[in-house]
Amino acid sequence: MITVEDPDDPRLHDYTGLTDVELRRRREPAEGLFIAEGEKVIRRAGEAGYAMRSMLLTPKWADVMRDVIDRAEAPVYVVEPALAEKVTGYHVHRGALASMQRTPLPTAADVLRGVGTMPSSAPREAAVRRVAVFEDLVDHANLGAAFRNAAALGVDAVLLTPRCADPLYRRAVKVSMGAVFHVPWTRLTSWPQDAGIFREHGFVTAALCLDEKSITLEELAARRHEKLVLMLGTEGDGLSADALRSADEWVRIPMSGGVDSLNVAAASAVAFYATRP
């Protein structure tokens with residue numbers, strides 16, 4: 001444990017300007033890091049097999065995180081709350097941050113086959129029956145909530161289109177409560193050209209949309225497809241026309257009360273629950 005009193009200390013570089021989204025979008029993937037915030041999220045990142053680069057704690061959290069500190073093969077910087085706020089750009093009310101090392105993303109084919117796709121996974125194959133595809137979700141809170149829904153409701157894997165937000169961005173991780181560490185995921189390289197990979201692996205693709213030609217979610221669930229991909233689109237516009245053309249089924253969640261649609265994270269929860277095995 002190293003006490004740091006200078007906010008410009010270069011050892012705190014990983015934690016500077018955490019509120020600058022554009023800075024983080026460029027820096028974190030390029031430098032191979034992501035930030036875990038809060039005791040539970042830091043623990044879950046470690047349990048998932050991500051290596052720690054360093055930790056930034058305020059003094060009162062040193063005892064709480066003692067077991068994590070003892071296991072960490074990384075420096076632990078202890079700073080006063082005011083200095084933590086100066087470094088990060090916001091009030092670190094959870095008192096604990098960790099810079100974690102990213103791992104290379106698996107291929108989409110490996111994710112669909114269930115081949116050891118998480119940092120802590122031994123090479124093995126696990127059955128993958130339900131997959132979520134998120135197209136161009138740009139809000140980190142929505143993406144984090146959708147990952148939390150996927151973990152809670154038994155979705156086996158998540159695939160992201162190239163323009164989707166980063167699920168390892170601090171806010172996405174925080175909203176997901178660390179669920180992003182436990183659901184196998186990767187990013188598709190070309191969309192919707194990559195959609196053919198689902199058919200190659202025996203999946204039926206169902207696109208959630210508002211079109212009157214779509215079947216209801218209940219009808220989809222009643223068909224009990226053995227391997228199912230649920231596709232959800234960006235905030236506001238929903239799935240693109242090209243994505244809809246690539247799908248086997250169009251599906252809607254029936255609405256009442258004059259409401260035409262749900263927030264994408266809420267819609268994902270409804271769809272994941274209705275189609276659970």
Side-chain angles (χ1 to χ4, degrees), residues 1-21 23-106 116-123 140 144 147-148 151 166-187:
M1 293 174 61
I2 304 163
T3 300
V4 177
E5 298 178 348
D6 180 3
D8 296 320
D9 191 311
R11 292 174 294 183
L12 305 184
H13 173 73
D14 285 359
Y15 306 97
T16 57
L18 291 183
T19 57
D20 188 334
V21 175
L23 172 67
R24 287 284 142 186
R25 282 175 176 167
R26 293 192 302 271
R27 266 193 57 195
E28 291 185 2
E31 296 179 19
L33 68 97
F34 67 90
I35 300 297
E37 179 181 0
E39 177 194 0
K40 289 183 180 179
V41 171
I42 292 171
R43 291 182 185 280
R44 287 172 182 172
E47 290 165 1
Y50 289 96
M52 185 181 293
R53 292 161 57 108
S54 67
M55 199 183 311
L56 183 73
L57 301 177
T58 54
K60 74 173 186 177
W61 284 91
D63 287 340
V64 176
M65 302 294 290
R66 174 60 60 183
D67 60 315
V68 178
I69 293 169
D70 290 343
R71 290 196 303 270
E73 297 181 3
V76 178
Y77 303 117
V78 181
V79 301
E80 291 300 321
L83 189 140
E85 185 170 349
K86 188 172 291 187
V87 170
T88 63
Y90 73 103
H91 177 58
V92 188
H93 66 280
R94 292 178 182 265
L97 296 168
S99 174
M100 312 296 292
Q101 188 69 45
R102 290 177 184 251
T103 57
L105 289 177
T117 54
M118 303 301 287
S120 59
S121 299
H140 290 97
F147 262 91
R148 188 173 181 180
D166 179 11
L168 294 182
Y169 179 71
R170 180 179 61 88
R171 178 145 180 77
V173 172
K174 181 179 176 181
V175 171
S176 81
M177 289 299 293
V180 296
F181 305 138
H182 298 287
V183 180
W185 69 275
T186 196
R187 198 176 288 275

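For the residue pair Ala84 and Thr58, the shortest heavy atom distance occurs at CB-CG2, 4.4 Å. Leu18 approaches Arg170 most closely through the heavy-atom pair O-NH2, 3.7 Å. When all heavy atoms are compared, the tightest approach of Gly178 to His182 is O-CD2, 3.5 Å. Summarising the geometry of Met52 relative to Ala98, their closest heavy-atom pair is CE-CB, 4.3 Å, with the distance given to 0.1 Å. Shortest non-hydrogen contact noted between Met65 and Leu57 is CG-CD2, 4.2 Å. In terms of heavy atoms, Pro167 sits closest to Val180 at O-CG1, 3.6 Å.
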Open item on the list: Determine whether Phe147 and Val175 satisfy the following criterion, side-chain contact (heavy atoms from CB on, under 4.5 Å), listing intermediate values before the conclusion.
Closed with: CA-CA 9 Å; Phe147 262 91; Val175 171; over 6 Å; no
Task: Verdict with supporting geometry, Ser54 and Val76, side-chain contact (heavy atoms from CB on, under 4.5 Å) - done: CA-CA 6 Å; Ser54 67; Val76 178; over 6 Å; no
TODO: Decide yes or no on side-chain contact (heavy atoms from CB on, under 4.5 Å) for Arg66 and Asp63, but give the supporting numbers first.
DONE: CA-CA 5 Å; Arg66 174 60 60 183; Asp63 287 340; 4.3 Å; yes
Task: From CA spacing to verdict: side-chain contact (heavy atoms from CB on, under 4.5 Å), Leu168, Trp185 - done: CA-CA 11 Å; Leu168 294 182; Trp185 69 275; 4.1 Å; yes
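With rounding to the nearest 0.5 angstrom, the CD atom of Glu28 is 12.5 Å from the CE atom of Met100. To the nearest 0.5 Å, the span separating CD1 on Ile35 from OH on Tyr169 amounts to 10.5 Å. Note that CD of Gln101 and CG of Leu33 are 7.5 Å apart. Values are rounded to the nearest 0.5 Å. Between atom NZ of residue Lys40 and atom CE of residue Met177 there is a gap of 5.0 Å, rounded to the nearest 0.5 Å.
Within 6.0 Å of atom CZ in Arg171, 12 or fewer heavy atoms from other residues, nucleotides or ligands are found, so the atom counts as exposed in its surroundings.
Residues Val4 and Val87 are not in side-chain contact: their nearest non-hydrogen atoms beyond the backbone lie 4.5 Å or more apart. Side-chain contact between Val41 and Glu37 is absent, with no heavy-atom pair separated by less than 4.5 Å. Residues Thr16 and Arg27 meet the side-chain proximity criterion, which asks for heavy atoms closer than 4.5 Å.
Look at Glu39 and Arg43 and you find a salt bridge, because one of the NZ, NE, NH1 or NH2 atoms lies within 4.0 Å of a carboxylate O, short of that distance.
Residues that satisfy the salt bridge (Lys or Arg N to Asp or Glu O under 4.0 Å) test with Glu85, not counting sequence neighbours, are absent from this structure.
Within the structure, salt bridge (charged side-chain N to carboxylate O under 4.0 Å, His left out) contacts touching residues 71-84 (residues at least two apart or in different chains) are Asp67-Arg71.
Considering Thr88, Asp6, Leu56, Leu97 in turn, Leu56 is the only one that fulfils the side-chain contact (heavy atoms from CB on, under 4.5 Å) rule with Val79. With Asp166 as the partner, the side-chain hydrogen bond (donor to acceptor under 3.5 Å, both in side chains) test is satisfied by one option alone out of His140, Arg24, Arg187, Arg102: Arg102.
Under the 6.0 Å cut-off for aromatic ring centres, Phe34 and Tyr50 qualify, their centroids lying closer than that.
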